[in-house]
2 protein chains.
Amino acid sequence: MKKILIIGAGRSSSSLIKYLGNHSNQENWQITVTDRDLDLAKERVEGLDNCEAQSFDALDPTKREEAIKQHDLIVSMLPARFHIEVVRDCIRLKKDIITPSYVTDEINALDTEAKKAGIIILNEMGLDPGIDHMSAMKILDHIKSQGGKMVSFKSFTGGLIAPESDNNPWNYKFTWNPRNVVLAGQGGAAEYIRKGQYKYIAYHNLFNRTEVIPIEGYSDFEGYANRDSLKYRSVYGLEGIDTIYRGTLRKKGYSIAWNCFVQLGMTDDTYDMQNVSTMTNRDFINSFLTYDLNKTVEDKLCEQLSIEKGGEVYKKLEWLGIFEKNLIGLQKATPAQALQKILEGKLSLDDGDKDMIVMWHQFLYELDGKSHQLESHMVAIGEDETYTGMAKTVGLPIAIAIKHLLQGKLTLKGVHLPTKKEIYEPVLSELEALGIRFIEKEIS
Amino acid sequence: MKKILIIGAGRSSSSLIKYLGNHSNQENWQITVTDRDLDLAKERVEGLDNCEAQSFDALDPTKREEAIKQHDLIVSMLPARFHIEVVRDCIRLKKDIITPSYVTDEINALDTEAKKAGIIILNEMGLDPGIDHMSAMKILDHIKSQGGKMVSFKSFTGGLIAPESDNNPWNYKFTWNPRNVVLAGQGGAAEYIRKGQYKYIAYHNLFNRTEVIPIEGYSDFEGYANRDSLKYRSVYGLEGIDTIYRGTLRKKGYSIAWNCFVQLGMTDDTYDMQNVSTMTNRDFINSFLTYDLNKTVEDKLCEQLSIEKGGEVYKKLEWLGIFEKNLIGLQKATPAQALQKILEGKLSLDDGDKDMIVMWHQFLYELDGKSHQLESHMVAIGEDETYTGMAKTVGLPIAIAIKHLLQGKLTLKGVHLPTKKEIYEPVLSELEALGIRFIEKEIS
C-alpha cells in the first residue's frame, strides 16, 4: 500500500482528491488530506474510499515532519511561499513531492540534494504553470524532431465564466481569487520580444494593448500581456526565437472597460484612502476625478476617460453600481480593496454557475523552406461549484503524475518541471481521456 | 569662540559656508567643513576666513564622535538617511544640530531626550522643506491673529532655469540631481483635499492634471501635485481646512511633454532593459511603442500619444534626439536611467547658466464675514554656478539659524521645524535683507 499526503484542501484540491479516492482501491492507495480547517478537509474526502481528513498546521516543523514521515508521496497545495519548508523535509526524509507552483531559485538550488536523496521535486504541475508547459512542449518537441525551426510562439490562458453562466455585460465573473483579478498585471512592465524587437508595456497601458484571439465555437477572446514572456525562451528551449508572447485571456470587451479603473488609479493597492467608512461608491469614483462643481460624476468620468456616455464601456461601469450612493461598507481600504468590494457585489458566482478554462497556443515555424502556422487550444468547463474547470485543470495533472510515480513509471530524480517528454506524454494522454483535450489546427 | 562643524560640502553647502566665513570674524566663529572628498571641502572654504577643510568619513562612529565633540554646533548636510546617527551623537554629546531634511518619525521620537540634553534638533531648515514652512506660517499666523479662518491653502515650489539662461524648447534644465527629476512623482498617488473632497492622482495622470500659476513679471508657470499635501494640515495647524494642495512648478508646456515619457513607461526604474549596450535612442523609444513594420517610430509615437507631428510637444521630444540612431552609451540601464542619459546630453547646464527658485503660496480665508485671497511669491536667481539659487535658499536659512542659536537668541530645545514664530521671524527678516524676498498681494 502506498500512502499519499495532500497538504492543503482549498478549492484547487477537489478534483485531485476525487481522482485519488476513485483510483485508491485499484492502485492500493491510502490518502491523507490535511488542512488547517478540519471541516474543509472532511468535506473534500466525503464519500471517497481510502481517504482520511486531518487538521494540520503545516507551519509546525515537528508536526509536519511527523506527517511526512508516515507517507510515501507528498503534495503541497499550500500558498507558494510555504513550499520550501515542505521540500526541505522531503529531501531529509526521502519522499517525492509535487507542487502546482512556480519553481523558485531556492528550490532549484536543491537539485543536487534531491538527486542524492533519490527523490523528485516536481513543480509547476497544475494548469498555468503546468498544462501550458506540457501542451506547448509536446508540439515544440515534435516540430524540433521534424527539423523545424520555431520563429514565433504565443500562448494565452484565461480563467473565465462558462457560456451557459455568462449573463452579465462584462462576460466575466470571479471564478478564482478576486484580489488577484483586481491586481492583475501590477508589479512591473510586461516584457516580450516581437520579430526580434524587445517591447515593454507599462501597467497603465496593459489593457489597451490587447490582441484578439479567435477560438472556433466561441465568441472572440482578447489577451493582454503577462509580465514574464522572456523567461520562457530558456524554459522551452527557444533561445533566439524572434517572437515570444504570453498573456491572459478575457472575453472581448473586458479589457477596454477594465482599463477605466486602471487609468483612474482605482486598482492601486499601495495606500489607504481617507474616510473610507463614510465613502459611497459614488464618492469612491469621484475621488479619482477632477474637481468640478458644474459637472456630474458621470460626465467627468466620460470626459476624463474619453468614453461615450451610454456606450458599451459606460454601460459596463454603470452596471457595477459605481455611480450609486450606497456605502462601500469597509472601515479601511486601499483603492484596490474598495474596488474589489464593489465588484464582488456584482461579479461573484451565482449558485450553479460553471467556470471555464481556455488555453491557446500559436506556433509559427519553418520546415523544408516553408512557413507553417499551427494553433492549439483547450477549453475545460467546470462540472459544478466544487469540481470546477480550475480545480480539474490544476488537480488532475498532479493526480496523474502521482499515479505514474507510484507505479514506478516515472523515475526522474531532482528538481523538474513537466517540460520533459517522460512527464508530459503520459499526463497529456490521460488528461485527454478525462476530457481535457487540445484541438490542433494547421492554418494555411 | 564658537566652533561650527559642517558635515558634507556638496553643492547645497556653498552659500551656507560662505555666509559663515563672511560673518566669522564679527561673530568670533571657527568653521570646520568636512567631506569624504577633501578637495571639495577645500574648494568650499577657499578664500574664506576662519574656515578649515577636513576629509571625513561621517559613517565612522569613532571619527564622527571625535569631530562632534570638538564643536559647539553641528550641521548635517548628509543625505537624509544618515542624519539619525549624527543626531544621536549630538544628544549624547549635548550639541545643537541643524539639518535641511524632512524630520523622520525616528528623529521625532528623540524630542524628550533632546530636551533632557538641553539641545535643539532643528530640521527642515532649507528651501522646501524650510522657506516654504516659514513663509507660509508667517501669513497663516497673521491671519489667525486677526481672527481669520483659512478655507484654502495652495503652495508650489520649483527649481528651474533663470530666464537669462532659458534657451531650449523645454524651458527647463537640470539645476539639481537629474535622477530625481526623471523619477519625480513616483512612489504613490498624489493625495490632496479640494473643497472637502479627497482627491487622488495616479502617477500616470500627474502630468496632465496641472494648474496654471501666473506670477507677475514672468511667463506662466504650471504645477503638478506633490504626493503629500494632506500631512501639512497638522504641520501648519490647518486641520479641517477645505482645500490644501502642494505641488511642483515648471514652466508652462513642460508637463504635457514630460507626460509622453510617463505614458510610455520610460521613467520606470524597476527593471533592467534587454540589450542596452547596443540600444540607440531610437530603439529605446521604439521598445515602448507597438510593433508595426509599416509605420515609422515617429508616426507610431504620435498615434499612440495622440500628439500632432511637428507640434509643440513633438518638437520638444524631437529636440532631445530621441529619434536619433546614436547609441545610448550605457551597458546596463532601467528605462529611467536610459532616459536620464539621453536628457543629460541636452538639458544639462551650460557654462555661466543661472538657476532660479520660484515659490508661490495662495491663501483663501474668511475674515469679518468677507472672503479674502492673498498670494505670496518669491523668486531667487543664482549668482553663478557655485552660489546657485538652490544653494542660497537651502543654505542661508541654516546659516541665519546658526547665528541666532550661537548668539543665544534662539533658546528652544527638543525637535523642531521652522514653523514657530521665534524661528521663522528672524530668519525671514534676514533672508529679505539678503535678497530672498516674498512679495505679497491681496487679490480682490
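Bear in mind the structure is a predicted one, so any value in this text is a computation, not a measurement. A note on names: the letters A, B, ... follow the listed sequences, proteins ahead of strands, and every chain is numbered from 1.
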Choice from A/Asp283, A/Asn275, A/Asn208 maximising heavy atom contacts with chain B below 4.5 Å
A/Asn275
Could you check whether any side-chain heavy atom of B/His204 comes within less than 4.5 Å of a side-chain heavy atom of A/Gln263, counting everything from C-beta outward?
yes
For A/Gln304, is it the side chain, the backbone, both, or neither that has a heavy atom closer than 4.5 Å to a heavy atom of chain B?
side chain
If you count the non-hydrogen atoms of other residues, nucleotides and ligands that lie under 6.0 Å from CG in B/Leu374, is the total more than 12?
yes
Would you please test A/Tyr271 and B/Glu191 for side chain to side chain contact (heavy atoms under 4.5 Å, CB included) and show each step?
CA-CA 10 Å; A/Tyr271 66 92; B/Glu191 300 184 41; 3.7 Å; yes
B/Lys195 atom NZ: more than 12 heavy-atom contacts under 6.0 Å
no
For the residue pair B/Gln197 and A/Asn286, confirm or rule out a side-chain donor-acceptor distance under 3.5 Å.
yes
Relative to chain B, which segment of A/Leu293 carries a heavy atom at a distance below 4.5 Å: side chain, backbone, both, or neither?
neither
B/Ala189, B/Ala202, B/Pro335: which one forms the most heavy-atom pairs within less than 4.5 Å of chain A?
B/Ala189
Counting only heavy atoms not in A/Leu364, do more than 12 sit closer than 6.0 Å to its CG atom?
yes
Quick one: closest heavy-atom pair of B/Lys199 and A/Leu289, and the distance?
NZ-O, 2.8 Å
Measure distances from B/Ile193 to the heavy atoms of chain A and classify the residue's part below 4.5 Å as side chain, backbone, both or neither.
neither
Would you check if B/Gln274 and A/Tyr200 make a side-chain contact, meaning some heavy-atom pair closer than 4.5 Å?
yes
Go through the atoms of B/Tyr291 and report whether side chain, backbone, both or neither lie under 4.5 Å from a heavy atom of chain A.
both
Need one label for B/Arg194: side chain, backbone, both or neither, based on atoms under 4.5 Å from any heavy atom in chain A.
both
Counting only heavy atoms closer than 4.5 Å, note whether A/Met273 contacts chain B via side chain, backbone, both or neither.
both
Closest non-hydrogen atom pair, B/Asn205 against A/Leu264:
ND2-CA, 4.2 Å
Quick check on B/Lys252: does its NZ atom have over 12 non-hydrogen neighbours (other residues, nucleotides or ligands) under 6.0 Å away?
no
